[in-house]
Amino acid sequence: MEHAEFNNHLLEFLNASTTPWHAVASIKRRLDEAGFKALDEKEDWNLDAGQGYYAIRNGSSIVAFRTGRRDVAEAGIRMVGAHTDSPCLKVKPNPELRRKGFFQLGVEVYGGVLLNPWFDRDLSLAGRVTYVDDSGRVKDTLVDFRKAVAYIPSLAIHLDREANSNRTVNPQTDLPPVLMQVPEDDKTRFADLLTEQITEEQPGIHVRKILGYELGFYDAQPASIVGLRGDFIASARLDNLLSCYIGLQALIESSGDEPALLVCNDHEEVGSMSAEGAQGPFLSAVLDRWCGKGRARALARSMMISADNAHGIHPNYMDRHDENHGPLLNQGPVIKVNHNQRYATNSRSAALYRHISDELDLPYQTFVVRSDMGCGSTIGPLTAGNLGVTTLDIGVPQFGMHSIREMAGTRDGVTLFRVLREFMQRGELL
Ligand SMILES: [Zn+2]
């Protein structure tokens, strides 16, 4: 696949995947088109050789796999992991605020949001809503307003002369987005606005009462290719939907001869400890049911590649990287090393990645954090620790991680895709 075609599909995926639930729905749609079969965790599974399957938990995490044509205990599993969630502002349970005739919503900060870029953006709202329908049954649905329904205006510099040197953001008082102006005696309930939106999106649904929701604001500006020569992608949620998309395409386009798996977990940005997070039992439960008695042998022959974006070296802030380990945008995916196990990479897993890349004549880079700075982490060490599989941490270099809009190179995604596709169809691993 050419990188232009790859990136066009990527932009569509990013625009459709506005929340973890929408990301999983996008992934499911592509798996369905590729002939993968849905599995229900509540039912018995009868898996065939040479077939693709997927299971979804909470609507926001997904494990997809191809059984391959060899016994899984003999072949091992080629695993790729990523996460579906991104830092954002989530709507509080009782959100309505009315001040000076403005209708606003109270928000909770989800994950390590870079807050300043959320001001002066066209914001939309999406997520999952649980409701009771006409027949008294409790159901879930996804909702996505798609258009700019809210805004967090900056305070003018005239009212805060120190804005450029000293402004801080108080997440409780500074962030509630403005949705509209209302009369003084306004009684608008957020649940009614939601019901209206659901009915408009899906006329077949009859909402008697909204019982709960998990909704996040997001940047309404679509993903785009930017730069004078189109060198960059700018989008919300590149961390880590870029890796979800790359892993998905690699799984779908690999030969299917070898057992291969993609796991995309929710809740990475808040520590991964949940029923569907990478510290929870979801992946392990799927492996139990797939591998049965052969699980221990299969895992001993398996490898996990945890794909999550890396920090590219920023030309205006070059001192934030070690002088020999500043990954450049468009110079290849970044092998992430941290001997203190913030990343799970070891010399064997890194070697396999470098070996495959060399065979395919594709570039790669290596990152280790400055020795005087703390290091981020990924689902890599968690999965390695839970399953006991050899693991590699890798990612496409980007700028502005956890901003409302992030930036990456246009050529690194397709490079990582090519290597992961080869990894997923490779006979011998280590
Ligand atoms: Zn991430």
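Values in this document were obtained by computation on a predicted structure and should not be read as measured data. Start at 1 and go down the list; that is how both ligands and their atoms are numbered. Count residues from 1 along the sequence.
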key: Counterpart residues, side chain to side chain contact (heavy atoms under 4.5 Å, CB included), relative to M180 (two or more places apart)   = F103, V182, T188, L193
Please report, to 0.1 Å, the donor-acceptor pairs under 3.5 Å made by any side chain of residues 70-83, with sequence neighbours excluded.
unit_1, atom_1, unit_2, atom_2, d
R70, NE, E258, OE1, 3.1
R70, NH2, E258, OE1, 2.9
R70, NH2, G427, O, 3.3
D71, OD1, A73, N, 3.3
E74, OE2, R297, NH2, 2.5
R78, NE, R426, O, 2.6
R78, NH1, A75, O, 3.1
R78, NH1, G76, O, 2.8
R78, NH2, A75, O, 3.1
R78, NH2, R426, O, 3.1
R78, NH2, G427, O, 2.7
H83, ND1, D85, O, 2.9
H83, ND1, D85, OD1, 3.0
H83, NE2, D239, OD1, 3.1
H83, NE2, E268, OE1, 3.3
H83, NE2, D308, OD1, 3.4
H83, NE2, D308, OD2, 3.2

ask   = Closer than 2.8 Å to the Zn ion (ligand 1), which protein N, O or S atoms?
value = H83 NE2, D239 OD1, D308 OD1, D308 OD2
message = Just to verify, what does K90 make a salt bridge (charged side-chain N to carboxylate O under 4.0 Å, His left out) with, not counting sequence neighbours?
response = none
task = Could you tell me whether H325 and F367 have their ring centroids closer than 6.0 angstrom?
result = no
inquiry  = In this structure, is the centre-to-centre distance between the rings of Y213 and F190 below 6.0 Å?
reply    = yes
Between T410 and N7: side-chain donor-acceptor atoms closer than 3.5 Å = no
